[in-house]
Amino acid sequence: MTVRAVVDALDARYPRNWAESWDRVGLVLGEFEHPVTRVLCVVDCVPETVDQALDLGADLIVAHHPLLLKPVSSIAPDTFKGALVHRLIRAGVALYTAHTNADVANPGVSDALAARLGLTGLRPLAPAEGAAAGEGRGLGRVGELSEPLTLARLAEFAAGRLPVTAAGVRAAGDPERLIRVLAVCGGAGDSFLADAARSGADAYLCADLRHHPVSEHLASGGPALVDVAHWATERPWLDEVAAWLREVFAVEVLVSDVDTDPWTVHANRNDLEISP
Ligand SMILES: [Zn+2]
């Protein structure tokens, strides 16, 4: 198996023209004819996951977030990204990115998130347009919980089902509101608040929500909101893409559980044991 064969299969499953125009996906670096025997799937290509890939002897990293999204004029080894590029090339490890083209795919990133929460009857939250349109593709998913939960219970349920992070799970809206239909979106979900309101969902779970958009959304009668650490919403997809790679290729595929969410501490006065 070569880098080229795996890249071709990934490109066929996540066509590059399904990505948003601002996105940068596909092979980032690596020799096409280099053999692949071990793949590591990660959300972020950062020093911690590159360390892991090198320790495990991986030949290829499949990452969700692009390492080089914005143009650079140098990959000098004293820059953050340049150092990673040098380490990967020196170690002969290829790097591939499937980002918004994997978000929009069916099955895609939000399907894996929805599956963790046991949602059924899935449909896209924002159906895909243009090259990616059709066959249930789109950003986010809307589905039904296996049993109705109050918003407070839903937050606990999500915390129990999704990977553990320091940030945890927080929710906005009436804690007693009953949630049957849940919209989800892996990653930053701000831009789909209006779609969530139109979708008929009782709540919308995503990452990176901010004070003003949330309070305005709730004041205008939108669904309750559940905010989860960004990494935790996308980590479930790694299992799905890894299972598919194992099925297609006779290669070892590993999934990184290194928590690359940047938030590492969470404190709340109510949780403190106040000492005298
Ligand atoms: Zn993301």
Side-chain angles (χ1 to χ4, degrees), residues 43 64 100 103-104 108-128 136 138-237 259 261-272:
V43 171
H64 184 47
T100 53
D103 288 331
V104 83
V109 174
S110 292
D111 288 294
L113 171 59
R116 282 280 187 115
L117 300 169
L119 301 185
T120 53
L122 297 180
R123 56 190 160 92
L125 173 60
L139 296 167
R141 293 293 182 265
V142 184
E144 261 185 61
L145 287 165
S146 60
E147 57 171 332
L149 297 171
T150 64
L151 179 62
R153 281 285 302 124
L154 173 64
E156 290 172 359
F157 173 72
R161 289 291 186 99
L162 296 173
V164 176
T165 57
V169 175
R170 57 186 179 166
D174 178 0
E176 295 306 316
R177 182 172 177 168
L178 204 59
I179 313 298
R180 290 184 177 84
V181 176
L182 180 65
V184 299
C185 182
D190 276 61
S191 44
F192 305 110
L193 286 171
D195 298 275
R198 275 193 298 270
S199 74
D202 303 305
Y204 173 39
L205 179 150
C206 61
D208 298 352
L209 290 174
R210 292 173 299 148
H211 178 96
H212 291 298
V214 167
S215 53
E216 283 167 30
H217 165 90
L218 291 176
S220 61
L225 297 171
V226 183
D227 185 80
V228 180
H230 192 127
W231 174 81
T233 63
E234 297 173 330
R235 163 65 185 79
W237 171 69
D259 173 0
D261 212 69
W263 305 107
T264 55
V265 175
H266 178 104
N268 189 327
R269 181 186 280 257
N270 293 340
D271 301 336
L272 299 180

Residues forming a salt bridge (Lys or Arg N to Asp or Glu O under 4.0 Å) with [X], sequence neighbours excluded:
X: Asp195; value: Arg198
X: Asp190; value: Arg210
X: Asp227; value: Arg170
X: Arg141; value: Asp111

Quick one: closest heavy-atom pair of [X] and [Y], and the distance?
X: Trp263; Y: Ala167; value: CB-CB, 4.4 Å
X: Pro223; Y: Ala197; value: CD-CA, 3.5 Å
X: Ala188; Y: His230; value: N-CE1, 3.6 Å
X: Val228; Y: Ala232; value: CG1-CB, 3.8 Å
X: Ala229; Y: Ala207; value: C-CB, 4.2 Å
X: Ser199; Y: Val142; value: CB-CG2, 3.9 Å

What side-chain donor-acceptor pairs closer than 3.5 Å can you find for residues 147-160, not counting sequence neighbours?
unit_1	atom_1	unit_2	atom_2	d
Thr150	OG1	Arg153	N	3.1
Arg153	NH1	Glu156	OE1	3.0

- Item | For Ala128, side chain to side chain contact (heavy atoms under 4.5 Å, CB included) partners two or more places apart | Val104, Ala132, Arg137
- Task: Kindly write out the residues that satisfy side chain to side chain contact (heavy atoms under 4.5 Å, CB included) with Asp259, not counting sequence neighbours, or none if the list is empty.
- Result: Thr165, Trp231, Asp261
- Query: Can you check whether Val226 reaches Val169 side chain to side chain, under 4.5 Å on heavy atoms?
  - Reply: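 In short, these two side chains touch, coming nearer than 4.5 Å.
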- Message: In the structure I gave you, are the side-chain heavy atoms of Leu193 and Pro213 within less than 4.5 Å of one another anywhere?
- Response: yes
Can you tell me how far apart [atom1] ([X]) and [atom2] ([Y]) are? Round to the nearest 0.5 Å.
X: Leu209; Y: Ser215; atom1: CG; atom2: OG; result: 11.0 Å
X: Asp202; Y: Leu145; atom1: CG; atom2: CG; result: 8.5 Å
X: Leu139; Y: Ser110; atom1: CG; atom2: OG; result: 7.0 Å

- Check against side chain to side chain contact (heavy atoms under 4.5 Å, CB included), Leu113 and Leu162: CA-CA 8 Å; Leu113 171 59; Leu162 296 173; 3.7 Å; yes
- Message: Which residues pass the ring-ring contact (aromatic ring centres under 6.0 Å, His included) test with His64, not counting sequence neighbours?
- Response: His99, Trp237
- Pair listing, side-chain hydrogen bond (donor to acceptor under 3.5 Å, both in side chains) test, anchored in residues 112-123, at least two apart: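 side-chain hydrogen bond (donor to acceptor under 3.5 Å, both in side chains) check on residues 112-123 returns Arg116-Asp239.
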- Does one side chain, of Glu216 or His212, offer a donor that lies under 3.5 Å from an acceptor on the other?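 Result is no, nothing qualifies.
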Review item, side-chain donor-acceptor pairs of residues 173-187, under 3.5 Å, at least two apart:
unit_1	atom_1	unit_2	atom_2	d
Asp174	OD1	Glu176	N	2.9
Arg177	NH1	Gly222	O	3.4

